[in-house]
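For reference, the structure discussed in these notes is given below.
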There are 2 protein chains.
Amino acid sequence: MQKNRSEKYHNILDNAGAVFAKYGFYKATISQIASRAGVADGTLYLYFKNKDDILYQYINYKTGIVFDKMNNAVADGKTAEEKFRNLIRCHLQEFQNDRNMAVIFQSEVRYLRDIQSQIKDISKMYLDLLSDIIEQGQIEGAIRQDLFVGLVKRFILGAVEGVISTWVSAGGRYDLVAMADPLVDLYLNGVKEG
Amino acid sequence: MQKNRSEKYHNILDNAGAVFAKYGFYKATISQIASRAGVADGTLYLYFKNKDDILYQYINYKTGIVFDKMNNAVADGKTAEEKFRNLIRCHLQEFQNDRNMAVIFQSEVRYLRDIQSQIKDISKMYLDLLSDIIEQGQIEGAIRQDLFVGLVKRFILGAVEGVISTWVSAGGRYDLVAMADPLVDLYLNGVKEG
DNA sequence: TCATGGAATGAATTTATATTCATTCAAAAA
DNA sequence: TTTTTGAATGAATATAAATTCATTCCATGA
């Protein structure tokens, strides 16, 4: 039953994620995390430098996973539209699969900003993926030329985050991934008749 | 030079906003706020119940102002498209005018969620305005009938918030309101060619 | 069976800061 | 000028929780 170092590290990280998601970083206590992880308070300090470091490691770890999945999703598409649809679907899928992560990414905006220089920055990677997709789409003739690309990228990311945020607030009770196609339709065609 | 009760109250509120925006709610201290407002620590407790109450009052106050402006902006438009454009422009304008507010609304998501039942909820009001605009637009024949309205509303709000968030991260260095028209164009027409 | 060393423990310590309240101040009234 | 009264002060207090570290545990190997 004894776990190796990595298993215990990830066990603490997972439970920290649950506690951070439930109470928020500042209201969460070391004791809550330790007791949920089934270890003593002091044990956390064998694996992490301090409380901040727990959140830092958590975000870094989760970011790495999502990072890879999104890159793969995009690589799986051929046309710009396929790549784009894959990216949005993957995004929704990953956040639906890990609600704690979704809550933390959404709630600890301030913290994320403070550390985003030392960490793989998921937003930056996302925006870069979108740059490539848009450029490819413009070459293919599938996407308008007269776009302010910087704005379009923020527009797209903001809207997905908004949709995820609503899903989180609703307690994750509906299928988030089902939003992918209607969402892509809105991005592509807008809301105007005709 | 002595201020009446209301002036002093608002002076504390403004300075609290600046400190919350700079350090975040939890890292901000009562002493910082008091000293920035030019009063003693204890004085804050003559005007506010406790630290939480300061943020609560701040949000409530700012929400009320923005609330009214947005309602007026929409009322000033005639067609759905005018109303919509006025709303987006007003939104960007108000947040550009008050960067501290923008930062706080963006950073204290968790806190906002925790109190949003006791407070005028700006998101809810916003989504309700959008419902009306979309419905009117569909009647006018300017907006598609085949829309999932719940999604469209979150899509729109999310995208504006994303654009504001980027502006905040960039230190508010460019003109946010200039984004209104290109943004509305994206909502209406999407990114697809043709 | 005993000895060893690294891991885990959790009570005690430290630190930080929110909050209180006895005291002071200052404006207006007498 | 003196008194009164409510506001303001800020040093002292209370509290909560992060962090430390002397002690205990336990798996391993002699």
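Per chain, numbering begins at 1; letters A, B, ... match sequence-line order.
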Go through the structure and list residues passing salt bridge (charged side-chain N to carboxylate O under 4.0 Å, His left out) with A:Arg85, not counting sequence neighbours.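 So A:Arg85 forms a salt bridge (charged side-chain N to carboxylate O under 4.0 Å, His left out) with A:Glu81, A:Asp181.
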Which residues pass the salt bridge (charged side-chain N to carboxylate O under 4.0 Å, His left out) test with B:Lys192, sequence neighbours left out?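 With neighbours one apart ignored, the set is empty.
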I need the OH-C1' distance between B:Tyr26 and D:dA18, as an integer number of Å.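 That distance rounds to 17 Å.
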Does a side chain donor of either B:Asn97 or B:Gln93 reach within less than 3.5 Å of an acceptor in the other side chain? yes
Partner set under side chain to side chain donor-acceptor pair (under 3.5 Å) for A:Asp114, not counting sequence neighbours: none
Of all pairs that satisfy ring pair (Phe, Tyr, Trp, His ring centres under 6.0 Å), the ones with a partner from residues 25-47 of chain A, not counting sequence neighbours: A:Phe20-A:Phe25, A:Phe25-A:Tyr111, A:Tyr26-B:Tyr26
Results of side-chain contact (heavy atoms from CB on, under 4.5 Å) for B:Leu157 - residues two or more places apart only: B:His91, B:Ser123, B:Tyr126, B:Leu127, B:Arg154, B:Glu161
Partner set under side-chain contact (heavy atoms from CB on, under 4.5 Å) for B:Ser169, not counting sequence neighbours: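 Result, side-chain contact (heavy atoms from CB on, under 4.5 Å) vs B:Ser169: A:Arg113.
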Listed in order of residue number, which residues of [range] have a non-hydrogen atom at under 4.0 Å from DNA chain D?
range	answer
residues 27-40 of chain A	A:Ala28, A:Thr29, A:Ile30
residues 42-59 of chain B	B:Gly42, B:Thr43, B:Leu46, B:Tyr47
residues 107-115 of chain B	none

Just to verify, what does B:Phe67 make a ring-ring contact (aromatic ring centres under 6.0 Å, His included) with, not counting sequence neighbours?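 Counting only residues at least two positions away or on another chain, B:Phe67 forms no ring-ring contact (aromatic ring centres under 6.0 Å, His included).
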Show me the side-chain donor-acceptor pairs of residues 132-140 of chain A shorter than 3.5 Å, one per line, residues at least two apart or across chains.
| unit_1 | atom_1 | unit_2 | atom_2 | d |
| --- | --- | --- | --- | --- |
| A:Gln136 | NE2 | A:Lys78 | O | 2.9 |
| A:Gln136 | NE2 | A:Glu140 | OE2 | 2.7 |
| A:Gln138 | NE2 | A:Arg144 | O | 2.9 |
| A:Glu140 | OE1 | A:Ala80 | N | 3.3 |
| A:Glu140 | OE2 | A:Ala80 | N | 3.2 |

Apply the hydrophobic cluster definition, ILVMFWY joined by side-chain contacts under 4.5 Å directly or through others, and give me every member besides A:Val109.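 A:Val109 clusters with B:Val109.
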